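In this text, all values refer to a predicted model and were calculated from it rather than measured experimentally.
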Amino acid sequence: MPSMLDAVIVGSGPNGLTAAAELARRGFAVEVFEAAETVGGGARTEELTLPGFRHDPCSAVHPLGIGSPAFAGMPLARHGLEWLQPELALAHPFPDGSAAVLTGSVGESAMSLGAADAGAYRRLVAPFIGHWDTLAEDFLRTPWDGLPRDPYRWVRFGLDALQPVTLLSRRFRGAKARGLMAGLGAHAIAPVSGVATGGIALLFALAAHERGWPVPRGGSQAISDALASYTREQGGTIRTGTEVKRLDELPPARAYVFDTSPTALARIAGLGHAYRDYRYGASCFKIDYALSGPVPWTAQEARRAGTVHIGPTAGEIDAALSAAVAGRDPSVPFLITAQPSLVDPSRAPEGRHVFWAYGHVPAGWEGDATDVIERQLERFAPGFRDLVLARAVAGPPQLAARNANYVGGDIACGAFSGLQTVIRPKLARVPYATAHPAVFLCSSATPPGPGVHGMSGHHAAKAVWRRLRAV
């Protein structure tokens with residue numbers, strides 16, 4: 001070990017590990033410090049309910065993971081990462097027993113919306129089909145970081161992306177297409193009437209057509225383990241079970257890179273009120289289930305989908321998100337659900353299943369949303385409760401306790417609203433740099449934002465190696 005490291009990484013979520021791997025493979029001496037006993041951050045897998053049932057405490061389905069330019073540039077398959085694709089990426093069921101779907105086929109997806117809207121959907125996505133690689137590189141970054149690789153599609157996508165889902169959906173006549181788009185936009189954890197939620201919806205739709213919405217074999221931990229294995233192969237060191245409270249507790253290094261919230265970074269690095277204006281958003285109430293059988297969805301399409309969205313109308317979805325952001329208790333939540341054991345039987349004992357669902361609640365909310373979530377599930381899967389063997393419940397306090405980056409239970413590590421939609425964590429030419437010349441931020445509080453894609457770590461690593469080579 002050299003007397004002075006080139007870079008110390010604090011936090012071993014996907015962004016921290018990506019930054020570590022990127023720096024280590026370029027010959028820099030790197031050491032990672034993680035407070036938990038295992039690496040992973042928001043990409044972990046644990047037995048939360050019963051023995052043999054392996055759950056993902058946070059993310060489970062990874063359209064931006066399989067579509068990540070950062071992950072594509074590393075031999076993660078050689079380190080154990082295997083993607084499993086469900087038959088359908090997404091199903092969005094409706095009360096009449098039908099469902100809108102997203103698949104690798106634009107035509108099949110379009111027809112599920114009904115004849116009146118099929119053409120409009122095809123026209124919406126057609127300019128971008130076949131161009132995922134350049135779109136991902138151009139949009140999963142800081143918008144002003146150099147010229148886009150595909151300027152024409154960058155501008156065209158941007159014109160759609162800046163719109164709220166509610167405006168983008170005016171091209172559709174029916175409730176199915178509008179409901180589907182609202183559900184996709186709701187991944188921003190913000191009302192779908194908000195600016196740029198249309199970009200979230202369109203990006204997730206394109207990801208389904210171009211790369212799918214897969215799960216990693218064995219659970220999300222496989223992503224983190226592969227990144228950690230590759231980091232070690234490149235000479236990096238990882239220390240778990242080591243909480244960092246002050247910068248002077250770390251070994252001497254030329255750069256310190258934090259996969260933490262801006263609040264934690266400022267506290268540990270002594271940056272005072274550098275991020276006092278940074279805002280955190282609404283939270284979630286998540287339930288992990290051990291089930292005796294598959295979810296009995298009324299819509300047959302939902303029985304074949306890795307992800308199922310529950311929100312019968314765009315208006316109901318927007319109301320649920322608006323209530324969470326405004327601080328109101330959930331009544332009829334919009335649900336995002338995942339059923340990874342449909343394609344990965346290793347996740348549960350034979351014939352059994354793991355399943356998770358979450359709805360949106362105010363930040364720091366201490367109530368219990370189990371009943372309202374399960375009532376919503378029963379609307380679309382009658383008899384669901386009869387299959388429950390065990391459940392693990394996590395509201396905002398529990399989510400924050402599991403992962404320190406989830407301030408107030410905000411799994412996005414920052415509100416998707418106002419200027420913060422595109423300027424995170426604050427206005428700066430290099431958003432990964434801080435007031436301290438040797439300290440950098442690489443968490444999902446930096447561009448391009450939340451999701452298991454490692455791109456914040458990728459771009460932060462670029463900022464670090466440019467700085468190191470300049471001195």
Side-chain angles (χ1 to χ4, degrees), residues 7-13 15-16 19 33-35 41-42 142-145 188-190 194-196 242-283 324-327 362-366 396-397 399-450 456-457 459-461 463-464 466-467 471:
V8 165
I9 315 294
V10 178
S12 69
N15 284 311
F33 288 81
E34 167 58 46
T142 307
W144 50 87
D145 183 20
I189 315 181
V195 173
T242 307
E243 183 179 2
V244 177
K245 296 182 179 180
R246 299 190 313 274
L247 200 61
D248 60 12
E249 296 174 349
L250 294 168
R254 298 168 66 200
Y256 298 89
V257 188
F258 285 75
D259 185 5
T260 68
S261 70
T263 304
L265 165 65
R267 182 180 67 250
I268 295 169
L271 298 181
H273 299 292
Y275 297 101
R276 64 187 171 194
D277 295 326
Y278 190 75
R279 291 171 293 110
Y280 297 94
S283 183
V325 169
W365 191 70
E366 297 183 355
L399 293 172
R402 283 179 183 172
N403 190 325
N405 286 12
Y406 300 163
V407 178
D410 174 10
I411 62 173
C413 196
F416 190 89
S417 64
L419 287 176
Q420 198 168 283
T421 299
V422 292
I423 300 175
R424 297 165 70 102
K426 61 181 181 179
L427 182 61
R429 187 180 66 82
V430 181
Y432 315 97
T434 72
H436 190 306
V439 173
F440 298 80
L441 183 63
C442 75
S443 69
S444 57
T446 62
S456 296
H459 293 303
V464 171
R466 286 170 180 163
R467 177 71 61 84
V471 297

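- Between Pro447 and Trp144, every side-chain heavy-atom pair lies at or beyond the 4.5 Å cut-off.
- In this structure, Arg424 contributes its side chain and Gly449 its backbone to no donor-acceptor pair below 3.5 Å.
- By the 4.5 Å heavy-atom criterion applied to side chains, Asp259 and Ser443 are counted as neighbours.
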- Task: Could you walk me through whether Phe258 and Leu247 pass the side chain to side chain contact (heavy atoms under 4.5 Å, CB included) test, one step at a time?
- Result: CA-CA 11 Å; Phe258 285 75; Leu247 200 61; 3.7 Å; yes
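- Judged by distance alone, the side chain of Asn405 and the main-chain N or O of Cys413 form no donor-acceptor pair under 3.5 Å.
- Nearest heavy-atom pair across Ala196 and Thr421 is CB-CG2, 3.6 Å.
- Taking OH from Tyr275 and NZ from Lys426, the interatomic distance works out to 5.0 Å, rounded to the nearest 0.5 Å.
- Tyr432 and Thr142 share a side-chain donor-acceptor pair at under 3.5 Å.
- With sequence neighbours excluded, the residues that form a salt bridge (Lys or Arg N to Asp or Glu O under 4.0 Å) with Arg246 are Asp248, Glu249.
- Residues satisfying the salt bridge (Lys or Arg N to Asp or Glu O under 4.0 Å) test with Asp277, not counting sequence neighbours, are none.
- The nearest pair of heavy atoms linking Pro396 to Gly408 is CB-O, 3.5 Å.
- In this structure, CG on Leu419 lies 8.5 Å from CG on Leu427, to the nearest 0.5 angstrom.
- One distance of note links OG1 of Thr434 with OH of Tyr256; it measures 12.5 Å at 0.5 Å rounding.
- The structure places CG of Asp145 at 9.0 Å from CZ of Arg429, a figure rounded to the nearest 0.5 Å.
- Pro425 has its side chain within reach of Pro431: a pair of non-hydrogen atoms, C-beta onward, lies under 4.5 Å apart.
- Shortest non-hydrogen contact noted between Pro262 and Leu441 is CG-CD2, 4.1 Å.
- Here the closest non-hydrogen pair linking Gln420 and Gly414 is NE2-C, 3.8 Å.
- Atom CG of residue Asn403 and atom OG of residue Ser261 lie 9.5 Å apart, to the nearest 0.5 angstrom.
- Pro448 is listed as a side-chain neighbour of Ser456, based on a closest heavy-atom distance under 4.5 Å.
- One finds the CZ atom of Phe440 at 11.5 Å from the CG atom of Leu265 (value rounded to the nearest 0.5 Å).
- Considering all non-hydrogen atoms of both residues, Gly409 and Ala400 come closest at N-CB, 4.0 Å.
- When all heavy atoms of Val464 and Ala255 are compared, the pair lying nearest together is CG1-CB, 3.8 Å.
- No side-chain heavy atom of Ile411 sits under 4.5 Å from any side-chain heavy atom of Pro450.
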